[in-house]
There are 2 protein chains.
Amino acid sequence: MKIQQATLHHLATTESTMDVARNLALQGCPHFTVVVADTQTGGRGRMDRTWHSDPGGLYMTLVLKPDMPAADGLKLTFLASLTLAQTVRRCCDIDAGVKWPNDILVKEKKLAGLLSEMQATGSRIDFVNIGIGINVNNDPARFEPGATSIKAATGATFSREGLLDEFLGALKTGLQNTSLPSVIQQWKTLAVSLGRPVTVVTPRETVTGIAEDVNESGALLVRMSDGDLREICYGDCFHR
Amino acid sequence: MKIQQATLHHLATTESTMDVARNLALQGCPHFTVVVADTQTGGRGRMDRTWHSDPGGLYMTLVLKPDMPAADGLKLTFLASLTLAQTVRRCCDIDAGVKWPNDILVKEKKLAGLLSEMQATGSRIDFVNIGIGINVNNDPARFEPGATSIKAATGATFSREGLLDEFLGALKTGLQNTSLPSVIQQWKTLAVSLGRPVTVVTPRETVTGIAEDVNESGALLVRMSDGDLREICYGDCFHR
């Protein structure tokens, strides 16, 4: 791959781009390093799930080392999912939306997923690694009924290299945007969950209600049947 | 050592309790695990400094795994330095104060230092490790003219075990305190830098002015000679 936007490590296959990226980050790789694999043997999703990584998809981890307080780290993950949805909409003419916290959906089916890992010393970010799996020309519905790909949604194949270049360029521009609230504000314009009945599973509990809003800190606000508004900082959201 | 408050790992000597604690955290040790060493051969301070760790001092790293958003992680470090200063004041009758971001001073001399390392997945904290070096019965002024110990300040020796037990008990209670702003508010009552001329060295610049305040996010506000107020999220603060 020839990508001008980033320091690129392109691997034919690896266990997980997250692990490769973590080692690179700890060894001092530059800001905006990208590890791309054509396939992964142990791809990871959020909440310790497996991410099927068959040929034709785009599997990557982006190493960001911004000069930024750890409290702002979440901005990067919201910015990445927003930018990815916008890129896919623009380049592939797909009606992609974002699902809290970090999925990209097309017609209720999962097109892409993101997860992030941060390390900070004191209040300063050392690195934020953002893992992204995008179903491009592969057929993920064979493994997961709820998944789709750009090819399945459009009937056409797309250049993974072209998509990556577009995404990285847009993300670089987006990184100039300095506040989490403004990123969340834009993110909400593409959000598919708001106003809908959801079940949110957190490490502590399962919350059922209407997804009312995402606040300035990135938390999901769920209106429960007793009228209470619950603020959920992390969890898995299911549409009902 | 017999400590009831925590899962304790007591080592005669180690390179750095931070490294031992990091491995324990990654291997799934419980919340409130403490690694204590009588001496360290490669003790680390903030900004990659060496922390001299001769016998008689208390060198430890606390592994915290709170169910808490990463944005709140900084609360733990401020809470730890506040609690340590309060513990030393109470147990040793020393006029200890806190210096932004994480030092404990007595009469302008450094009695203790703290540093923290956080790992988060998505918006959730995996662990925050807080390293603490306290000069108790040792004589750090031999290595660093700006350092002191409890023994040097009081003329008496103190039980490191007793101090640790008092500190951990108070910290456990303090962890019930849920907001960063309220911790900062208490922390400021013991702050020694506010209202004074300081030089703050950050990775990007050196800022000179009057330390006017610490805001609700834990940033130092420095009034510069041109009247501008600079918000500094991380750096090293020197009294002039």
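A note on names: the letters A, B, ... follow the listed sequences, proteins ahead of strands, and every chain is numbered from 1.
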If you measure from [atom1] on [X] to [atom2] on [Y], what distance do you get to the nearest 0.5 Å?
{"X": "A:Y234", "Y": "B:I125", "atom1": "OH", "atom2": "CD1", "value": "7.5 Å"}
{"X": "B:R44", "Y": "A:T121", "atom1": "CZ", "atom2": "OG1", "value": "8.0 Å"}
{"X": "A:S123", "Y": "B:M118", "atom1": "OG", "atom2": "CE", "value": "9.5 Å"}

Worksheet item: If you tally heavy-atom pairs under 4.5 Å against chain A, which of B:P203, B:A70, B:G218 wins?
Response: B:P203

Worksheet item: Where on A:L74 is there a heavy atom nearer than 4.5 Å to chain B: the side chain, the backbone, both, or neither?
Response: side chain

Item to complete: Using non-hydrogen atoms and a 4.5 Å limit, figure out which bit of A:P69 sits close to chain B: side chain, backbone, both or neither.
Response: both

Practice prompt. Find the one option among A:D67, A:L115, A:L180, A:V128 whose heavy-atom pairs under 4.5 Å with chain B are most numerous.
Written response: A:D67

Worksheet entry | Interface moiety of B:N129 toward chain A, non-hydrogen atoms closer than 4.5 Å | neither

Worksheet item: Should we say atom NZ of B:K65 is surrounded by more than 12 heavy atoms from elsewhere, each under 6.0 Å from it?
Response: yes

Discussion item. Does atom CZ (B:R240) have a neighbourhood of more than 12 heavy atoms from anything else shown, all under 6.0 Å?
Written reply: yes

Practice prompt. Report yes if some heavy atom in the side chain of A:M68 is under 4.5 Å from a heavy atom in the side chain of B:C233; otherwise report no.
Written response: no

